[in-house]
Number of protein chains: 4
Amino acid sequence: MKHSAVRQTIIDTASDLFYNNGYNLTGINEVIKEAGIAKATLYSHFKSKDELCSAYLQHKHGTFLEAFDTYVNDVPKGKKRITAIFDFLKEFYESEGFNGCWCINTISEIPKEKIELRTEIKNQKNEFRDVLLNIIKDSLPELKPKKKKELANQIYLLYEGAVSESFLHGEVWPIDSAQSICKILLA
Amino acid sequence: MKHSAVRQTIIDTASDLFYNNGYNLTGINEVIKEAGIAKATLYSHFKSKDELCSAYLQHKHGTFLEAFDTYVNDVPKGKKRITAIFDFLKEFYESEGFNGCWCINTISEIPKEKIELRTEIKNQKNEFRDVLLNIIKDSLPELKPKKKKELANQIYLLYEGAVSESFLHGEVWPIDSAQSICKILLA
Amino acid sequence: MKHSAVRQTIIDTASDLFYNNGYNLTGINEVIKEAGIAKATLYSHFKSKDELCSAYLQHKHGTFLEAFDTYVNDVPKGKKRITAIFDFLKEFYESEGFNGCWCINTISEIPKEKIELRTEIKNQKNEFRDVLLNIIKDSLPELKPKKKKELANQIYLLYEGAVSESFLHGEVWPIDSAQSICKILLA
Amino acid sequence: MKHSAVRQTIIDTASDLFYNNGYNLTGINEVIKEAGIAKATLYSHFKSKDELCSAYLQHKHGTFLEAFDTYVNDVPKGKKRITAIFDFLKEFYESEGFNGCWCINTISEIPKEKIELRTEIKNQKNEFRDVLLNIIKDSLPELKPKKKKELANQIYLLYEGAVSESFLHGEVWPIDSAQSICKILLA
DNA sequence: AATGAATGAGCGTTCATTCAT
DNA sequence: CATGAATGAACGCTCATTCAT
């Protein structure tokens, strides 16, 4: 197996385990056993569990953004596309293995001193806000720049709240609620 | 020192440590050292770390609800009181030691099998929604019952999102954003 | 409750727990909880768990000897009475809560240095051998003294083996086997 | 040191300690200190103390059976070989570190729920009975099968009783007594 | 590049016992 | 005389990481 293929196997395996069972609750031994590799192999690809955590976050982020873009861009521009953001979330919520937001989950598990991981998480969220802003720019070009940014932040806030709360309660209403608020904001 | 006083010392100490540094990242040894008690003393008051976790969650919830009620009920009834919810949050955010939501933080740290803790967390959130609903009933009696409940859920969602996001970014804008949306909903 | 009554309650409770669940596996807390007394009350009656262990052994021994005497002396003198020893054991084996020999069980659980407990156990066994010897003297007066003693030791050995092995296997055959050997010895 | 060598070192060390000082009275810390290994090393070889206990029992059993076979098969076939069983036991009793029967000792120390260990112990005893039966088959082929099995059980019972009692009293007479009974049975 | 045995530090928990009240 | 809160020491066990091969 190619070097990079092993690396990807590790990331995929770790991602599933970290996301499903929690970062601290998943031991290195579990990862290597599931990935079918030796312990030192893991440490030759990632110099610490934290570094693997970083790779996990990036992997989830990349996969998410791709799925998100694909879904949303498939919807006609305009307000429809904006509210489709929450349709996407509903699908995400209903998909097998939904476990809330990896960023929120992970930030609770790591000590404050681990600046690099916390920065990674902030960056992801900021990038997601940019993605939302671009969708707005595309879909609602008539809005003033300031208004666009404000709306992006609002939708971001609703989205994040809906992820957390639908997960916490195990119920879909927070997503519906977020979407209904979104429609009001667009009115 | 009275028995119940020791118990409260343990809860206070554990609460600070769990909330500031994380539940799993805080060892029992740290709690007893900080509380100045022996390990067996802790275990005579709480039969497991999980039980102490439960006490921690309840302590935070109780303290929070009291401060919340005091603050909000001090504001004249009506829309003012509703939007004051986010003024309270801003004070909470700016207070020393703000570390986001103990529920969201804790639920990320515990395995799925720990039903009791997860139930405790859900109950707290539902109770908070009820508190919001009662404020609405008090402040906006003219609304239809269904509308009241819907509004309570919306404000709950905004509040929760604002807590998480202000903490994650270390910035106040999510609270402002939530409040501005709230005002729109009340318009 | 009278002082001595409390003491007896403790001994009875501890005896049941030590015998059924093992000496080391039974904690002081379990004893006091079951006996319905305070911890310091126990320690006012027994200055250590070892001392309670001693009382437990003596209690079992006394109860046993009484039941044994009653049973055996009810059988007509002669060889019948000797072999009835194993009928008694069969009843003991079949009684609820049979858990082998408290001496053998306990001696495995305590460190070699605890001479007092080990002596207590040896004394019990020697006393039991004397009891057997007396039964033989009573039942088979025609035997020579040396033969009596030899027979007592043999029956003792068979009895002890039968207790241990019936318990270990959870089967009655070792008692039958012991009895059949006994009959040969008497022939 | 080879992997399997470390494993054997652990078993040897644990066996000495468990057998001499008792299973519950011997902590894992004592085992690793004596074996000169790290705690996690022990747990990489045995996933629990119980599993180590199982290895200890098997080790004692194996060593015992080998010594037993060697000794007994060195004696000419016939009644001599049968009674030599107790000569072997006398040597065992007189050997340094004799501490009774590991099975009897261990079964007193473990809770009833530990079925696996209790089964292991029963199996060892049954295997020993089979060994005795085979010696009888070899040595006294003229006996009827039923008689052979009966005799095996009787000798087993005498042997077990003699082990326990010689250990308990610290005296050799139970072995002599058992052997004398054995001779009667063979007469 | 890959292995897996070995580690030191720490985990949550339980014990028999003491002592101020 | 009885209480029960508090203790220090030890328990069995798991962790992320290293290093000789």
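In this text the structure is predicted, and so the values were computed from the model without any measurement. All chains are named by letter (A, B, ...) in the order of the sequence lines, taking the proteins before the strands, and each is independently numbered beginning at 1.
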Participant: Should the heavy atoms of other residues, nucleotides or ligands under 6.0 Å from CD of D:Glu116 be counted, would the total exceed 12?
Facilitator: no

Participant: Across nucleotides 14-21 of chain F, 5' to 3', mark each nucleotide with B, S or - according to how protein heavy atoms within less than 4.0 Å reach it.
Facilitator: BBSBBB--

Participant: Where is the tightest heavy-atom contact between C:Ser48 and C:Tyr43, given as atom of each residue plus distance?
Facilitator: CA-CE2, 4.1 Å

Participant: Please report, rounded to the nearest Å, how far the P atom of E:dA1 is from the CG atom of A:Leu42.
Facilitator: 15 Å

Participant: At less than 4.0 Å, is any side-chain N or O atom of A:Thr41 found next to OP1 or OP2 of E:dT3? Yes or no.
Facilitator: yes

Participant: Round to the nearest Å and state the distance from A:Arg7 atom CZ to E:dA2 atom C1'.
Facilitator: 17 Å

Participant: Do D:Glu120 and D:His61 have side-chain atoms, one donor and one acceptor, less than 3.5 Å apart?
Facilitator: no

Participant: Rounded to whole Å, please give me the gap between NZ in D:Lys33 and C1' in E:dG8.
Facilitator: 17 Å

Participant: Figure out the CD1/C1' separation between A:Ile10 and E:dA1, and round it to whole Å.
Facilitator: 12 Å

Participant: So, OP1 or OP2 of F:dA6: does either fall under 4.0 Å of a side-chain N or O from B:His45?
Facilitator: yes

Participant: Would you say NZ of B:Lys112 has more than 12 non-hydrogen atoms from neighbouring residues, nucleotides or ligands within 6.0 angstrom?
Facilitator: yes

Participant: Let me check the geometry of the helix from E:dA2-F:dT21 to E:dT21-F:dA2. What is the bend angle between the axes at its two ends, five pairs each, to 10°?
Facilitator: 10°

Participant: Atom CD of residue position C:Glu34 - does it have more than 12 heavy atoms of other residues, nucleotides or ligands inside 6.0 Å?
Facilitator: no

Participant: Which atom names give the shortest non-hydrogen contact between B:Cys103 and B:Gln124, and what distance separates them?
Facilitator: SG-OE1, 3.3 Å

Participant: Using the ring-ring contact (aromatic ring centres under 6.0 Å, His included) criterion, which residues pair with C:Tyr56? Sequence neighbours excluded.
Facilitator: C:Phe18

Participant: When you check the side-chain N and O atoms of C:Asn123 and C:Glu127, is any donor under 3.5 Å from an acceptor?
Facilitator: no

Participant: Can you work out whether B:Glu30 or A:Ala38 has the more 5'-proximal nearest nucleotide on DNA chain E?
Facilitator: A:Ala38

